[in-house]
J.: 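First, the structure itself, so that you have it in front of you.
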Amino acid sequence: MMEPFLVAETGEHPDLPRPEETAMSTMTTDTTSTVVTATPASGSGGFWASYAQAWRRTPGSAVYLLAVFVLAMIAVSVLATLFWTGVGLLIIVIGIPIVVLSLLVARGFGVADRFLLRLTSLPEIAEPMWNRDQSDTSGFWMTLTRPIRGAHYWVYLVHGMVVSPIVSTLTFTLTTVWLGVGLGGLTYWFWGAFLPRGDGGEWGHYVADAIPWMFGGWSSWSVEVILYLVAGIVFTSTMPWALGALARLHHAIAQGMLGHWRSDDLAAEVRAESAARGAAVHAEDVALRRLERDIHDGPQQRLVRLQLDLAALERRAESGDTDAAAELAREARGHAKAALDELRALSSGVAPPLLQDRGLAAALAAVAGGTPLLVRTEIDPAIDAVVSPEIARTVYFVVAELFTNAVKHSGAAGATLKASLRAAADGPLTLDVWVVDNGRGGAVLAPGHGLEGLRERIAGLRGVMVVQSPLGGPTSVGAHIPLAPVAS
């Protein structure tokens, strides 16, 4: 039985519940959780619920807007010093490491900014792809200058030296105004009494004289308290929206400059394609060398022996020794049969005409039927419409090799072959192929072994291979290959 995490990540195991049963269970669970979650929201929605939620985010936003200003001032002083020093020293090579250091420090300040943004309860910003070099890129200078070739490092530098200081100064000013007027106005009635008052210090009477119909007869102190209180109420009541807008401004800038770009996904795709191509080339090289070795050690030796036996048979026939000639003929026939059997076994790694004529489903059924094991097959015929010829050849070879290994090494009496399609919610269609035997188990992925070569072949198609083979069996091998749409 497969471990739960392997099943969840790589596909369905033949002995696990059917996909429709799992889907029904998942649908029931999701529906229940949705109903439970949505019930309280439907009864407490509206303006006041939204306003209360904005107030819950306000303390974190206020702390962020104050803290990011301090971070920005430190960043601009440190980064400007490092970067321009490095630029000035570029003429004497030592400037290159200093510029690289400034880029690395800029990355650190950007990461700190993204970390502080968590205080605002806004969506977390994804980490960008820092290294876009090919997987085989190495060497001292290539490693040292990697930040210089990385666009994200330069954008982080611009953010830390230019954008963040300007924006943070603006938002810091507005934040302190909103906090000062809002909280100060609400509490002026208390702390204002301790301020020295005298000529020119009491401005309330000017307001009372200007608006006699509203404040006529009021004392200067009373007018000041009322006006401060009104201003405090206005600024405090609008504080969630004001500080929330300023926090979202920082978040939007960070999302564009400090976050994950769509080009990062393309770069990752290129790296994955390169790695898959390298794995495929290596797997083909290993397979060809193995085939060459097997032909040399097997059929070639038997054919050499057959040639010697035929030469001896010719001499016996010329001398009239019919009994010896007959014996040599029987031995030659045995060697020819053995060589033919070995060639048939070796040719299982070559796609048969059946695969091209009738498709992968029929070819897999044929290879299962030709195995000296009791094989139960569950093959979805829909795979022929979506599997490319390249994938079909590889899958056929892998399945044939797995059955060969089961016959030679596992001591199994029966096996299960299952091939099906799995649709991912956020990814391509996946071909899942399982071969499970009831043998003694103990199969492992090890360098230089047959399973490792199969894993490399699957990796060449950007797929994964999972091996579960405890001692005592059973052995379960799953190949999971993402499928691209087949051109018609």
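Basis for what follows: all heavy atoms, side chains included, without hydrogens, waters or symmetry-related copies.
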J.: Would you check if V436 and K418 make a side-chain contact, meaning some heavy-atom pair closer than 4.5 Å?
T.: no

J.: Is the shortest side-chain heavy-atom distance between H250 and S168 below 4.5 Å?
T.: yes

J.: Assess, by modelled atom type and distance only, whether the side chains of H251 and T120 contain a donor and an acceptor separated by less than 3.5 Å.
T.: no

J.: Mind checking whether L82 and V78 have side chains closer than 4.5 Å, heavy atoms only?
T.: yes

J.: Could you check whether atom OH of Y51 has more than 12 heavy atoms from other residues, nucleotides or ligands sitting under 6.0 Å from it?
T.: yes

J.: Is there side-chain contact between L429 and R422, with heavy atoms separated by less than 4.5 Å?
T.: no

J.: Are the side chains of V467 and M465 in touch, meaning some heavy atoms are under 4.5 Å apart?
T.: yes

J.: Test your reading of the model: is there a side-chain donor-acceptor pair from W55 to the backbone of S237, 3.5 Å cut-off?
T.: no

J.: Measuring from atom CG of L90 to atom CD1 of I98, what distance do you get when rounded to the nearest 0.5 angstrom?
T.: 9.0 Å

J.: Taking S410 for its side chain and G439 for its backbone only, find out whether a donor-acceptor pair lies under 3.5 Å.
T.: no

J.: Of the non-hydrogen atoms in A365 and I379, which two are nearest, and what is the gap between them?
T.: N-CD1, 3.7 Å

J.: Using atom types as modelled and distance alone, determine if a side-chain donor or acceptor of D380 lies under 3.5 Å from a backbone N or O of A419.
T.: no

J.: So does T173 get a backbone contact from the side chain of T176, meaning a donor-acceptor N/O pair under 3.5 Å?
T.: yes

J.: Would you mind reporting whether L122 and R248 have side-chain heavy atoms less than 4.5 Å apart?
T.: yes

J.: For residues P482 and I391, report the shortest heavy-atom separation together with the two atoms involved.
T.: O-CD1, 4.2 Å

J.: Can you tell me if H260 uses its side chain to pair, donor with acceptor, with the backbone of E127 under 3.5 Å?
T.: yes

J.: Give me the one residue out of L421, T430, I383 that meets side chain to side chain contact (heavy atoms under 4.5 Å, CB included) with L483.
T.: L421

J.: Can you tell me how the ring of W154 sits relative to the ring of F83, calling it parallel under 30°, perpendicular over 60° and tilted otherwise?
T.: perpendicular

J.: Measuring from S164:OG to F69:CZ, what's the distance to the nearest 0.5 Å?
T.: 10.0 Å

J.: Identify the heavy atoms of G442 and L471 that sit nearest to each other, and give their distance.
T.: CA-CD2, 3.8 Å

J.: With a 4.5 Å heavy-atom cut-off, do Y228 and L186 have their side chains touching?
T.: no

J.: For F235, does its backbone N or O pair with a side-chain atom of W178 as donor and acceptor, under 3.5 Å?
T.: yes

J.: Do W84 and S102 have a side chain donor and acceptor closer than 3.5 Å?
T.: no

J.: Closer than 4.0 angstrom, basic N to acidic O: yes or no for E124 and R114?
T.: no

J.: Got a donor-acceptor contact below 3.5 angstrom from the S50 side chain to the F47 backbone?
T.: no

J.: Does one side chain, of Y156 or D113, offer a donor that lies under 3.5 Å from an acceptor on the other?
T.: no

